[in-house]
K.L.:
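Have a look at this one.
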Amino acid sequence: MPDADAHPLLDVLLAGGSRADRLTHLRTLPAREGVTTDWPTWADPALVEAYRTLGVERPWVHQATAATAAWEGHHVALATSTGSGKSLAFWLPALTAIGRTLPPQQRGAVLYLSPTKALAADQLAALERVLAAMPDDAGRDLRVATCDGDTPTEERRWVQDYADAVLTNPDFLHFSLLPNHRRWSRFLRALRYVVVDEGHTYRGVFGAHVSLVLRRLARLVEHYRGGALTFVVASATSAEPAASAARLLGMGPDDVVAITEDASPSGRRTVALWQPPELASFGFSRSGADDVAADGDPWALPDPLDASHSEAEQTAVVTADGAADHPRRSATAEVADLLADLAAHGARTLAFTRSRRGAESVAQTARDHLRPISTELSQRIAAYRGGYLPEERRELEQAIRTGALLGLATTNALELGVDISGLDAVLIAGWPGTRMSLWQQAGRAGRAGAEGLVAFVAREDPLDTYLVTHPEAVFDAPLEATVFDPTNRYVLAPQLCAAAQEVPLRTEDLDRFGDPEQVRMLLDELVEAGALRRRPSGWYWTHAQPAAGMADLRGSGGRPVRVVEAATGRLLGTVDAGSADGQVHDGAVYVHQGTTFVVDHLDLEDRVALVVRRDVDHGTWSREVMTVAIDETAELREREWGPISWGVGPVEVTSQVISFERRRLPDMQVLGTEQLDLPERSLATKAVWWSVPEFVLRAAGLDADVVPGALHAAEHASIGLLPLLATCDRWDLGGVSTELHADTGEATVFVYDAYPGGAGFAERGYELGATWLRATRDAIAACPCDHGCPACVQSPKCGNYNAPLDKAAAVTLLDAVLGHAPTS
Ligand SMILES: [Zn+2]
Ligand SMILES: [Zn+2]
């Protein structure tokens, strides 16, 4: 029970004690005193005066230390909390280095990179406030601008010819600035500082690409100027920021100075871990698909609408089968209640959700709760997400800052950049993926001298369940390191082609892109495949089309399929390439904003699914078969735990959607099955696997008939738990389990990276094998359900309708495997 010292708003969450059983843990994080220092003497006095005018009398120690290190030419990794003023730390040296009073030929230039266009625009707005505050109109001497894919040609010319500081994103660098470097030669010659903001977002395949894009940039600057660049990587508080920044920049960890000591003040924070009640005990009933949809998306991906349909449908199947013994209330419904209650008590609150639909749903539900109390109050709740117009977003940000709005339900669109902090409370509906994100979001609550309240509300998911019942995994585990692999050949090959097109690659360039021997081997392969041409002076790109077009930085796996209403030609939405076969095959039911359509024809060539508006009494569920083959020609890493074998390395995952079922809603009765004629898809990636010989299974009492269910359940739960150890999401992973695998000759569970070439997550699973499986085993065993539920062994994206699954046998299996794990 909360003590007398507890946060005053905690009682609002607990509703006078009636919700006390939902609180699984409470922790108070102490306040931190701020420590300031003198302004560095090298800084442009007009700039210092501008910051003073804006209220920064003296900088925090970490700001001054980072700024001076960068000024002295060190690469800097600055990893401090939200609202700790990282921008000042990089703009102070970067803008000073421009030399605003110098003639044009002698001025320096700055490139600022953020992961999204919107953030670059936010940063520009903040920067313009600083420039406007400089005395004697000195800010006019500094020409700053954003430039991205939307910038009109005319404006782009101006930026190329005159801008001192350019704010953009890595995609623009990759597709436009670097390939057109001749137009940017003035800028590249002047470039002194490159700021990589929100550096922790560069992970997985995206991180690997951005890492190589930055190396292409450094090579071109050397080509034009011969001098070196100074990089400042600003990121959320994370593990090993210097090592991550060094990997991103292609340097050694000793080449980067890490500044991690946060000297900005923060108020005391109370953090609650929260589990929504079981629906039965709460007096709720859940009926088929409707309730799931109305509750928002318990599983949803951060964005596309389409992915969340399949999730909701799969959850509905589970419920109808009666397999979920005691389903719990969804996190979004719970958070909507809490948001309404906090707002009713005048507390300014942010509620983070996992999807755009979730944000809309939380805001709507909270407004509905408040309307009977006061219409005025209900109007002080709003949603905030990607897809809104910039002006609308600015208005919402301003309204929550001033308190005109009391509650904002938001996606992670508010996690990065946007300057909103010092709120009374932050609610987090569903694990945001990493501890790093959790603390970024939590950091919006509390300010110096005022306490903040944070509640993390679990979804029905093995990872969320595990976390709210294992507080040490939230509070005491080290923060994640950002995981990405710039040597991934699927990333490196197109990047080398892009580099070769910019300026032919020479032998002395190779070590910039990785181990020179391996880079050379890959170049030889590219020559053999006709992508590059080898000449005595180097490697050349001789094709007419731009090489940058070969790489899709964000790894979205091809063009999405458009969903078009056949009768009107109206575009309803899109389905990403990877899930089109399973979601918009011929005969599939496609739901859009509550309206049902049936797919008449999926045209894979034209990437379009033609749909017809039709009221139907059923939904459709596709079945997919999947196989994994280990690439035996590649170098595998393997180890033994007695009879248990582990491996990690390249695999080929082959999948095919072969049929679908029509099931009546809401009782899910199967109305019929139809075969489909869709092509096999294959993905070359990296997997981690563990295999168990038959005698171990038998000794553990696992008979042949329960083995498939045990393996499948263990596979699902382990996929749900891997994000605990690697910087990834369950959606970044896939899995296959089989009682007899052709390559291992034993019962085997595979978990693979769902990106061509892999993304480093399977590697993490291999390295932390025992920790990973132990957490998996504990999560399954600790779940109070009888036969498995979404919180333990069921998966929202199973291609096999979550069958067979055997919860008890999975625990027995994992115990048998872990019994052979090394004890350390
Ligand atoms: Zn369960
Ligand atoms: Zn499955």
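Only a predicted model underlies this, so the values are computations on that prediction, with no experimental measurement involved. As the structure lists them, so they are numbered: ligands from 1, and atoms in each ligand from 1.
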K.L.:
Write down the atom of L724, the atom of A473, and the distance for their closest heavy-atom approach.
P.N.:
CD1-CB, 4.5 Å

K.L.:
Ring centroids only, cut at 6.0 angstrom: are W274 and F456 within range, meaning strictly under it?
P.N.:
no

K.L.:
Do P650 and L636 have side-chain heavy atoms sitting under 4.5 Å apart?
P.N.:
yes

K.L.:
Determine, for W646 and R639, whether the Lys NZ or Arg CZ falls below 6.0 Å from the six-membered ring centre while staying within 45 degrees of the axis.
P.N.:
yes

K.L.:
How about V468 and H25: do any of their side-chain heavy atoms sit closer than 4.5 Å?
P.N.:
no

K.L.:
Could you grab the distance from atom CZ of R459 to atom OG1 of T353, nearest 0.5 Å is fine?
P.N.:
10.0 Å

K.L.:
Compute whether any side-chain donor of one residue and acceptor of the other, for E652 and S682, lie under 3.5 angstrom apart.
P.N.:
yes

K.L.:
Listing by chain and number, what protein N/O/S atoms are under 2.8 Å from the Zn ion (ligand 2)?
P.N.:
H712 NE2, H716 NE2, C798 SG

K.L.:
Can you list every side chain to side chain donor-acceptor pair (under 3.5 Å) pair that touches residues 689-698, not counting sequence neighbours?
P.N.:
S691-E746, E694-R698

K.L.:
For the Zn ion (ligand 1), which protein N/O/S atoms are closer than 2.8 Å?
P.N.:
C783 SG, C785 SG, C789 SG, C792 SG

K.L.:
Suppose we screen for salt bridge (charged side-chain N to carboxylate O under 4.0 Å, His left out). Which residues come up paired with D806, at least two apart in sequence or across chains?
P.N.:
none

